[in-house]
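Reading through the structure tokens given below for one structure.
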Amino acid sequence: MSSHPHNVLPWVVRRTRLPLLSMRCVDCRSESATTGEGKFRVNANGKLLDVWLLARCVSCDRTTKLAVHERTPVRSFDPAELHGYTVNDPELVASRLLDPLLARRCHFTLDWTGAWRLDTPSAWPDVAWPVQVEVTFQHPVPVRPDRLIAHGLGLSRPEVLRRIKCDIPLRRPTNSGFAFTVMAAD
Ligand SMILES: [Zn+2]
């Protein structure tokens, strides 16, 4: 059962697959790479470990190694994490790929096109206007609130701007939870 009061509708943004990586291929100049199913490479050098997440160009298949850990003492790893790297644990792949530090260090941005969905309650409840909606993010998918709301409510964007009261800017992409109020149509 939901813990929300009945007049607050919960919306959830979820990842449906791993996003692509926007990064320029040094061979073919393509701008898009994928981690596919997700594969790590671990290399031991004495007591130091390198861990990479592998990405390949979607056009020419050239492989790029994204450094997750560089020359890191073996003993500083949590054994469960280390095991996750050796078995290509999908949750670990997702958490490393979505870590903004990795993107910054390896100079890529995430392309979320087609890699997420919005879950809304199936029926619009029979409640008094105005209606409150609370949006939570299961994964940090950057969305423009005005587009998300238009999609979720089946409204045009001018109508969203007219009928929505929101405590954050509607046109600026966000990936953290927010709430808004839908006013009745005139
Ligand atoms: Zn390429």
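Note that the structure is predicted; figures quoted are calculated from it, not measured. All ligand and atom numbering here is 1-based and tracks the order in the structure.
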Minimum heavy-atom distance Arg147-Arg157, with the two atoms named: NE-NH1, 3.6 Å
Closer than 2.8 Å to the Zn ion (ligand 1) - protein N, O or S atoms, ordered by chain and residue number: Cys25 SG, Cys28 SG, Cys57 SG, Cys60 SG
Flag if over 12 foreign heavy atoms under 6.0 Å of CG, Asp27: yes
Joint hydrophobic cluster, Phe40 plus Leu48, side-chain heavy atoms closer than 4.5 Å: no
Side chains of Tyr85 and Arg41, donor plus acceptor under 3.5 Å: no
Between Phe180 and Trp11, ring centroids under 6.0 Å: yes
Exercise answer: donor-acceptor pairs, residues 107-114 side-chain atoms, under 3.5 Å, sequence neighbours excluded:
residue : atom : partner : partner atom : Å
Asp111  : OD1  : Thr113  : N            : 3.0
Asp111  : OD1  : Thr113  : OG1          : 2.6

